[in-house]
Amino acid sequence: MLVKAKPQPPAPRWQKPRYSSWERQRDVTIAIGRFLSALWWDRLRGHNTSDRRSQRANWLAKTLIDLGPAFIKVGQALSTRPDLLPGEYISALSRLQDAVPPFSTDLAIATIETELGQPLTTIFAEFEPEPIAAASLGQVHRAVLHEGDRVVVKIQRPGLEPLFDLDFKVLRQLIHWSELLFPWTQQYDLESIYQEFFRVLYQEIDYVREAHNADHFRKNFQEFHNVRVPKVYWPHTTSRVLVMEYLPGIKVDDCESLDSCGIDTKRLNQLGVCCYLKQLLQDGFFQADPHPGNLAVAADGSLIFYDFGMFVEVKSLAKDQMLQTLFAVLQKDSESVLESLISMGLIEPVSDMRPVRKLLQFTLERFAERPVDVNAFTEMRREIATLFEQQPFRLPAQMTYILKSITTLDGIARRLDPEYNLIALAKPFVKQLAGIDANSSATAGSGRRKWLGLAKLAVETVQAQLSKPNPTVLAIQRLEQRIERGELELRVRSTETERALKRLNLTIECLMHMALTGCLLIGGAVLTLGPLAHWAAFVLAAAGVAAVVTVRSLIRLSLRKRLDRLMD
C-alpha cells in the first residue's frame, strides 16, 4: 500500500548529473574562502555576538549539505564536540545527523526495483514513501514484508561513487597545495589520512559489506541483552539496497525524551563506554561512526545500533597494547603510557620527550579521578604548542578513526551527563576483565577462553606494575637506555627566546624576498626603456615569482605571530 509522498525539496548541487572536477574544485574553494573571510571580517569588526555566530553556523551547515557526503561527515563529527566549537555551531551542525534533504521517492522505488529485479508490490506488502530518516549516503523507509515482518529499507543515494571520485581528486589537489604553501603540514602525513578516509567511505557505500558487518557485530553481542542489533534480510539486500529489522528507539542524545521515559543517562553512559571498550579491546571490530543518528535507546534502556557501514578492525597485538595502556592510565603511570604509545606507533621518540611526558602526566593527574573540565584545557595550551613545534607525534592513518569514534562518543556523553568521566566509567570494565565476572559471556567455551586470556593479561600487567623497581633505580635504568640510544642531549632552552628568534628569522626572510622583488621590478622597468627591452619580460616574470614567494613568507610570518599570541 502506497501513500502519496510530500513534495521533495530541490536536489543539492552535488546531485546534478554532470559535475566536472573543475566545477567541484571551484565550489569547494569558494565555500572555504567565503567562510574564512566571514570569520575574519567578524573578528575585524568585533561582531562576535550570539546572533552573528548563529548566522554563520547556519550558513556553514547549509553549505556542508550543499557540498555533499564527505563534508557532511566532517560536520557530523564536529557537531559532537562542544569543547571545540561554540554552542551555536553545535546546534546548527547537529541538524546534519538526521536532517539531510531526502531524494525523491520515485527515484528510491526505481532503485529498489532495479536492484532486486522485482516490482515493489511483489517485495513488500506495505511501503511508506515518506522516508523516516535521510543521511548523507542514503535514506530509510519503513516497510512490511509479505511474511508480516516490519522492516526498514535503506536505499543509497544516486551518483555517490562518481562524486567520491571527484572529491578524491579535489582533496588531493588541496592537500598538495597545502603542503607547498605550508610545509609544516607535511609532518602530519595528510596523504595517508586522506587515503584512509576515502577507503572507508568507498566501503561504506557497499551495502553487502555493511550487512556482513551487522551480522558480525550481532554475533559479538549476542549474549548481551542490553545491546540490540537489527537482523539483516539477505534475500532483499544488494550493494545499494539494505533491508533490516525495524527497531524503533529514542535518539541517544535526546535528553528530554530519555528523562520522560525514566531512563538513567548515567547508566546509559556506562553502557556506551563499556560497549565500545568491548568492541575496541576484546573484539577488535568497532563502529567508527557513532554519531547520534546511528545510536538509539529502547524503552527499557537498551542501546540500539543502526549503521554498520563504517567499521574498523584492530589487530590482536594492538588490542593487548591498548589493554596494557588502559591499566597504566588507571594507575596514572605516565612512563608506561608513554612507552605503550611509542610501541603502538602513536608517538615517535625524539631526543627531548619532556613536553610529551609532562602533558601526559598533567592529563592523568587532572582527569583520571574527576569529571572532565573543558576550561582546564586552557592550562595545557602552552605545553601542547611547544610539543607540536617539536613534532613528536605520529598518527597512523588507520588510527584516525579510533580517535574519531572516541571523541564523538565523548561529545555524546557530555550531553547526557556533563559530570561524566571516561576513565571512571571504564574502571568496571577493567575490573571485569581482571576478575572474570561469572554472569558475563564467559559461560560459553570460546568466550571463557577469551576472557581467561584477557584476565591473564590483566594479572600480568598488575604484577609487572607491582614488581617495578623503585623510582630511583627506574630513573637510572631509563637514563642508561637513553645514553645507549644516543637520545641524551644537554639543552638550555628559553621558549620565549626561541619564538622570538623564529619570528626574527621569518621577518628577515620576508625583507630579503621583498627587496629581491623590488629590485627585479625596477630592473624590468628600466630594461623596457633601453636597447635590452627583449630581456624585460624575463626579468618581470622573475619578479612575479619572487612576489609569490614574498606573499608566502608573509603568510608564514602571520601564522607564526598568531601561534605565539595563542601560546601567550
Side-chain angles (χ1 to χ4, degrees), residues 9-16 19-101 135-136 163-164 166-182 184-185 188 190 193-194 197-198 201 291 400 404 407-408 411 551-552 554-556 558-563 565-566:
R13 173 171 42 189
W14 54 269
Q15 284 190 356
K16 62 184 182 181
Y19 200 10
S20 68
S21 177
W22 182 86
E23 289 178 304
R24 183 63 172 172
Q25 186 171 2
R26 179 200 61 191
D27 292 341
V28 171
T29 304
I30 290 176
I32 295 175
R34 287 185 61 186
F35 182 66
L36 294 179
S37 299
L39 293 182
W40 175 80
W41 180 252
D42 290 344
R43 182 176 179 180
L44 182 66
R45 299 289 300 274
H47 293 166
N48 195 30
T49 63
S50 178
D51 290 340
R52 180 57 61 93
R53 289 196 298 269
S54 296
Q55 178 184 353
R56 300 302 185 198
N58 291 329
W59 181 89
L60 177 62
K62 181 178 179 299
T63 301
L64 291 177
I65 292 175
D66 203 26
L67 288 177
F71 296 90
I72 293 174
K73 289 287 184 184
V74 175
Q76 289 174 347
L78 291 175
S79 70
T80 62
R81 301 306 302 165
D83 53 331
L84 299 180
L85 295 177
E88 295 83 0
Y89 283 87
I90 298 298
S91 177
L93 294 177
S94 295
R95 297 200 305 268
L96 299 176
Q97 308 292 356
D98 52 10
V100 180
S136 55
L163 180 69
F164 284 171
L166 281 178
D167 286 342
F168 195 77
K169 297 176 183 177
V170 169
L171 291 180
R172 179 188 288 275
Q173 293 176 354
L174 290 177
I175 290 175
H176 173 71
W177 283 107
S178 296
E179 292 179 344
L180 284 179
L181 295 175
F182 310 106
W184 53 269
T185 61
Y188 294 106
L190 296 178
I193 296 175
Y194 144 84
F197 177 75
F198 276 97
L201 274 184
H291 66 74
T400 57
K404 174 182 176 295
T407 54
T408 303
V551 172
R552 176 184 169 186
L554 290 172
I555 292 175
R556 292 175 59 193
S558 176
L559 290 174
R560 167 57 58 181
K561 290 181 178 179
R562 289 176 182 271
L563 178 61
R565 284 199 297 267
L566 178 66

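None of these values were measured; they are calculated from a predicted model. Worth knowing before you read on, the calculation uses all heavy atoms, side chains too, and leaves out hydrogens, waters and symmetry mates.
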How close do A92 and A61 get, heavy atom to heavy atom, and via which atoms? O-CB, 3.7 Å
Hey, could you give me the CG/OG distance between D51 and S54, rounded to the nearest 0.5 Å? 6.0 Å
Among V28, L60, T63, the one residue meeting side chain to side chain contact (heavy atoms under 4.5 Å, CB included) with F71: V28
For R34, does the CZ atom sit with more than 12 other heavy atoms under 6.0 Å from it, leaving out its own atoms? no
Note: L64 and L93 closest approach over all heavy atoms is CD1-CD2, 3.9 Å
Please report the shortest heavy-atom distance between Y89 and R53, naming the atom on each side. CE1-O, 4.1 Å
Nearest 0.5 Å please: distance from the CD1 atom of I72 over to the CG atom of D66. 9.5 Å
